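Because the structure is a prediction, the values reported are computed rather than measured. Letters A, B, ... are given to chains in the order of the sequence lines, protein chains preceding strands, and every chain is numbered from 1. Heavy-atom basis, side chains included; hydrogens, waters and symmetry copies ignored.
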Amino acid sequence: MATGERKERFAGVSDRPVKRFYGPDDIAGFDYERDLGDPGEYPFTRGVHPTMYRGKLWTMRQFAGFGTAEETNARFRYLLEQGQTGLSTAFDMPTLLGYDSDHPYANGEVGKLGVAIDSLRDFEILFEGIPLDKVSTSMTINPPASIMLAMYLVVAERQGVSWDQVSGTIQNDILKDYIAQKTYIYPPGPSMRLITDVMAFCARNVPRWNTISISGYHIREAGATAAQELAFTLADGMAYVEAGIKAGLDVDEFAPRLSFFFDVHNDFFEEIAKFRAARRIWARVMRDRYGAKNPRSWMLRTHAQTAGVSLTAQQPENNIVRVTLQALAAVLGGTQSLHTNSYDEALALPSEEAVRIALRTQQIIAEESGVANVVDPLAGSYYVEHLTNKLEEEAYEIFAKIEALGGVVAAIEKGWFQQQIADSAYRFQRRVMNGDYRVVGVNAYADPDEKPTTNILKVNPEVQRRQIERVRQVRQERDQKAAAAALAELRRASQTSENLMPYIIACVRNYCTVGEICGMWREVWGEYREESVY
Amino acid sequence: MEAVSTRKIRVLVAKLGLDAHDRGAKVVARAYRDAGFEVIYTGLYQRPEAVAAAAIQEDVDVVAISSLAGAHGVLIPQLIQLLREQGADDILILAGGIIPEDEVPALLEAGVSRVFGPGSDLDEIIEYTKVNVKR
């Protein structure tokens, strides 16, 4: 019984009990060479590069997109002027789900949660004046990911930038969509085929492109604990590796271009440990289970985003502090790229002022705090090493459960991941309600007289009309015969096992729309439907 | 002793349109279930027509709509209009999620009884539903 302590039981966001202090017994059997290794050395617990941020700071990559391509292009340029070092594109819901802006389902949703993209015309505007050989771009989209990549490649070409010079990432992670984010379109079979086609195409033609960003972010945001996020994400990663091998690729041909994406939540040390455990597990699995020979295949490189779900609509300025702590954890965890959330994101998409503060937060950590001067400064901390071990152990227990269920796809089809996440989300909400987990400004230190924040970004209601006009004009002005022929060729190839990327690129070049391509695939492959669990 | 109806309150928790953010909807659905309500959850990607039809067919007392993608201003009034046209205007309509404060009056005008913002207390949602249910 803890006497003289504030509570009987101490636990963070994930509700794992925490002891008063940690010592040598908590890391019994710890072996430096086996468990850590120097930075840049297998198993990369201490980071994927020997010099880390002494060599190059992480990429500061704010997720941005709203309205039409013009508005988002302006936001991109603003962020680059403010010292951002990479771009990250948010698409609206119709684009994510493969509907053109004039589809009846898109009504009310055009440009709301991201930029509306219907055809290459929008992409030309989106990247106008942005040199694609100098900036790397991340695109958060899944079923239509191959179409966005195709558009990016055609825009690069028109800027005179060859495909081997462009760099960036498409999320392209369908498994986490079935598990958590739910922006799936097609059943698992054809969805996985689109992904392996991109992996094969890029390995040969776009060597600097990250073909998939295996994402824990949405898994965590949907309610998973840190250990669930870690384990589900790495299990998805292994499923992609197996799919690539099954598609006839050599593991070292595509594995170096796999990247990851993690959430950074409030529990500072647990989050740091999560990144370290992720790198160690991935290195071991890639080398020992999949026999990868190239050290680059063993390295887990990651983008990180501070936890949107942790932000509060109440006293929103407090979010600046939350984001700072989360960003610091991501940096101490050794991320390669980081998005810091804007303080107004529990209310709307970020305003220009809020996104500037969020970017400045990263710049202050990088330039002023001194934490970027030393690699993995927390190594050897009893608590951090214990947590790293603990998270690795918990991940392996979860891998065993997934395997017993028949693998990732079978576990998705049984609703297992979805139920686990819903359970965790509900447990957490209960803890907030009974005061076991305190949220400043919400269930602690709340201000009963608080006035609602009104200074938030509003998407111009004209956007939908303008976007509909544009897509109709594109369909009118293009070479109809060429567009129809390209789409017919893609349809034919989609019924074979040919690599689809060259056909997608031909469609894009001829201004076939996202809705036309995705709609054709809906006809050929059908749509996925899930049984909702809660 | 006063006669008390033993019929459980029936709630339809709905996601409208293309908004796939379902964490809040599921947490609220589960809280209603734990509190003894009869709960039907629509799942994602529901058209207003489908939600109206489900509400009428399932004879629900409450429709609770979760919106985090900004289409509430278009889709919720459409749903309420459809319910009215089909004579189901005695259903209590609640909305929750990320709905900017200045868009709330228009929703109340359209027939939403109350909008619960982010960070709302589950017990308060349940209490409000019990007190305000119309049938």
Side-chain angles (χ1 to χ4, degrees), chain A residues 66 92-94 96-97 99 104-113 177 180-184 218 221-223 309 311-314 345-349 418 421-423 425-426 428-430 432-433 439 441-443 446 451-454 456-459 461 464 527 529-534, chain B residues 13-35 39-50 66-79 96-104 115-126:
Chain A
F66 60 94
D92 69 0
M93 294 305 304
L96 293 178
L97 290 164
Y99 295 113
Y105 288 3
N107 187 22
E109 322 236 17
V110 177
K112 284 278 169 67
L113 231 56
D177 255 305
Q181 200 188 8
K182 311 297 173 66
T183 53
Y184 46 72
H218 316 88
E221 290 285 299
V309 80
L311 304 186
T312 63
Q314 294 79 4
E345 283 184 51
L347 303 157
L349 295 189
Q418 298 91 315
I421 293 169
D423 288 352
Y426 190 57
F428 178 76
Q429 204 55 43
R430 282 274 160 214
V432 172
M433 280 180 55
V439 183
V442 178
N443 68 356
K451 301 263 179 310
T453 309
T454 48
I456 56 173
L457 183 124
K458 289 274 176 203
V459 176
Q464 177 162 319
E527 291 185 63
R529 284 275 166 261
E530 73 161 10
E531 203 59 58
S532 277
V533 293
Y534 63 88
Chain B
V13 176
K15 288 293 296 182
L16 276 176
L18 305 182
D19 169 21
H21 301 80
D22 59 357
R23 176 180 179 152
K26 287 175 163 188
V27 166
V28 169
R30 187 126 151 204
Y32 274 129
R33 194 172 70 194
D34 279 7
V39 182
I40 301 128
Y41 172 50
T42 60
L44 296 170
Y45 309 130
Q46 298 301 310
R47 307 311 308 161
E49 298 77 22
S66 158
S67 171
L68 285 90
H72 45 261
V74 173
L75 298 176
I76 293 179
Q78 267 178 26
L79 167 66
I98 299 189
I99 295 173
E101 199 64 29
D102 57 356
E103 293 175 26
V104 169
V115 175
F116 290 95
S120 292
D121 190 307
L122 295 173
D123 288 338
E124 196 191 330
I125 297 174
I126 286 159

Using non-hydrogen atoms and a 4.5 Å limit, figure out which bit of [X] sits close to chain B: side chain, backbone, both or neither.
| X | answer |
| --- | --- |
| A/Ala425 | both |
| A/Gln181 | backbone |
| A/Glu221 | backbone |
| A/Ile456 | side chain |
| A/Glu345 | backbone |
| A/Val432 | neither |
| A/Thr183 | both |

Tell me the closest heavy-atom pair linking [X] and [Y], and the distance in Å.
| X | Y | result |
| --- | --- | --- |
| A/Asn107 | B/Leu75 | O-CD2, 4.4 Å |
| A/Gln429 | B/Val27 | CG-CG1, 3.6 Å |
| A/Glu109 | B/Ala69 | OE1-CB, 4.3 Å |
| A/Gln314 | B/Pro118 | NE2-O, 3.0 Å |

Problem set entry | A/Met433 side, atom CE; B/Ser120 side, atom OG - distance, nearest 0.5 Å |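 Between A/Met433 CE and B/Ser120 OG, I get 11.0 Å after rounding to 0.5 Å.
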Problem set entry | Spacing of NZ belonging to A/Lys182 relative to CG belonging to B/Asp22, to within rounding of 0.5 Å |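 Rounded to the nearest 0.5 Å, the NZ-CG separation comes to 4.5 Å.
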Problem set entry | Region of B/Glu103 that comes under 4.5 Å of a non-hydrogen atom in chain A | side chain
Exercise. What part of B/Leu122 gets closer than 4.5 Å to chain A, counting heavy atoms only: side chain, backbone, both or neither?
Worked result: both
For this session: I would like to know whether A/Tyr426 and B/Lys26 meet side chain to side chain contact (heavy atoms under 4.5 Å, CB included); could you show each step before the answer?
Result: CA-CA 8 Å; A/Tyr426 190 57; B/Lys26 287 175 163 188; over 6 Å; no
Problem set entry | Derivation of the side chain to side chain contact (heavy atoms under 4.5 Å, CB included) call for A/Glu527 and B/Tyr45 | CA-CA 12 Å; A/Glu527 291 185 63; B/Tyr45 309 130; over 6 Å; no
Sort out for me which of [options] touches chain A most, counting heavy-atom pairs under 4.5 Å.
| options | result |
| --- | --- |
| B/Ala29, B/Gly119, B/Gly43 | B/Ala29 |
| B/Gly24, B/Gly17, B/Ala31 | B/Ala31 |
| B/Ile99, B/Asp34, B/Val13, B/Asp19 | B/Asp34 |

Heavy atoms, side chains only, cut-off 4.5 Å: are [X] and [Y] in contact?
| X | Y | answer |
| --- | --- | --- |
| A/Leu113 | B/His21 | yes |
| A/Pro104 | B/Arg47 | no |
| A/Asp423 | B/Arg30 | yes |

Exercise. Can we say B/Glu101 and A/Lys451 salt-bridge, meaning some charged N sits less than 4.0 Å from an Asp/Glu carboxylate O?
Worked result: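 Salt bridge flag = no for A/Lys451 with B/Glu101.
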Exercise. Who among A/Leu349, A/Leu97, A/Val533, A/Val439 has the most heavy-atom pairs with chain B under 4.5 Å?
Worked result: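 If we count pairs closer than 4.5 Å to chain B, A/Leu97 comes out on top.
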Exercise. Highest number of heavy-atom pairs under 4.5 Å with chain B: which of A/Val309, A/Leu311, A/Val442?
Worked result: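 Most heavy-atom pairs under 4.5 Å with chain B: A/Val309.
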